[in-house]
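Presented below is the structure to which this report refers.
Heavy atoms only: backbone and side chains are in, while hydrogens, waters and symmetry mates are out. Naming convention: chains lettered A, B, ... in sequence-line order (proteins, then strands); numbering from 1 in each chain.
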There are 2 protein chains.
Amino acid sequence: MADVFKAIADETRRAILDELSERDEQTLFELCSRLAMRHAVTSSRQAVSQHLDVLEAAGLVRREKRGRYTFHTIDTRPLAQIAERWPAKEAPQ
Amino acid sequence: MADVFKAIADETRRAILDELSERDEQTLFELCSRLAMRHAVTSSRQAVSQHLDVLEAAGLVRREKRGRYTFHTIDTRPLAQIAERWPAKEAPQ
DNA sequence: AGTATAGGCAAGTGTCCACTTGCCTATCAA
DNA sequence: TTGATAGGCAAGTGGACACTTGCCTATACT
């Protein structure tokens, strides 16, 4: 669970989640080009790949290999637990 | 908003939010002793104070000074926006 | 006035981490 | 089978940040 907090602490990884949230099942190269064009992310392919390692370790992204392509899918379930950990108070003044 | 992600990336700061979520309106010294006893946090007073600076900058903690005491209050509202940013998909398989 | 309590300010240190660089492997098309 | 595409592996580097240390200020109590 601590991995989830570390994962979303980085701006580039949040942009990756944004992008995967718009369009799922992207390959690494696809992600790189779309991040550059639509999210002003200039990171290299290796940098994005390392970010995907972190996101996968946190359970926020799943990888599925088919032939020479690896598709990436977002999994938002770990994020739901964050708001549940510190519940809103009953009566805001 | 980026400050919120940075703020909750740290284990000690999450423990501070846990503690304030259980008991609000604590002073710095009160927080330090309760963190040590109940959350196994061994950080110094200065360390906790610096963490509270970060939490305040993120809008997650408010400070209120009365006399020689400063009381700390949790504000969970910024956390609600996290789950909203990456909405859950409609039909999980 | 003097002392204890509650807390702030600021410089220094060590560690983690994002990113780069260079090279290697695997799959597919001609 | 040669080349292009898609991606992995690993070492090195620079900067951000959590934490300490030392000293200072302010409020309250006797």
Checklist line | Side chain proximity check, A:E22 to A:H39, heavy atoms < 4.5 angstrom | finding: yes

Item checked: Beyond-backbone contact of A:F71 with A:D24, side-chain heavy atoms, under 4.5 angstrom -> no

Checklist line | Spacing of CH2 belonging to B:W86 relative to CG belonging to A:D18, to within rounding of 0.5 Å | finding: 6.0 Å

Checklist line | For atom OH of A:Y69 and atom P of D:dG7, their distance in whole Å | finding: 8 Å

Notebook entry, point to check: According to the salt bridge (Lys or Arg N to Asp or Glu O under 4.0 Å) rule, which pairs have a member within residues 39-49 of chain A, sequence neighbours left out?
Noted result: none

Item checked: Spacing of A:D3 atom CG relative to C:dC16 atom C1', expressed in whole Å -> 14 Å

Checklist line | Strand contacts (DNA chain D) in residues 45-55 of chain B, 4.0 angstrom heavy-atom criterion | finding: B:Q46, B:A47, B:Q50, B:H51

Next item on the list: Compare all side-chain heavy atoms of A:I8 with those of A:I82 and state whether any distance is below 4.5 angstrom.
Entry: yes

Margin query: Can you measure A:R68 atom CZ to D:dA4 atom P for me and round it to whole angstrom units?
Written below: 13 Å

Checklist line | A:S44 vs A:K6, nearer the 5' end of DNA chain C by closest nucleotide | finding: A:K6

Note to self: Judged by each residue's nearest nucleotide on DNA chain C, which is more toward the 5′ side, A:R66 or A:T42?
What the structure shows: A:T42

Margin query: Counting C-beta onward and ignoring hydrogens, is there a side-chain heavy-atom pair between B:L20 and B:L55 closer than 4.5 Å?
Written below: no

Checklist line | Residue B:S43, side-chain heavy atoms: nucleotide from C:dC28, C:dT5, D:dC19 that is nearest | finding: D:dC19

Check: At what distance, to the nearest 0.5 angstrom, does OG of B:S43 lie from CD of B:E11?
Finding: 10.5 Å

Item checked: salt bridge (charged side-chain N to carboxylate O under 4.0 Å, His left out) partner of B:E19, chosen from B:R34, B:R13, B:R14 -> B:R34

Next item on the list: Could you state the atom-to-atom distance from CD of A:E56 to P of D:dG7 in whole Å?
Entry: 14 Å

Next item on the list: For DNA chain D, determine which residues of residues 8-41 of chain A have any heavy atom closer than 4.0 angstrom to one of its atoms, and list them numerically.
Entry: A:T27, A:L28, A:F29

Next item on the list: With rounding to the nearest 0.5 Å, note down the distance linking OG1 in A:T12 to CD in A:Q50.
Entry: 11.5 Å

Next item on the list: Grab the NZ-C1' distance between A:K65 and D:dG8 for me, whole Å please.
Entry: 8 Å

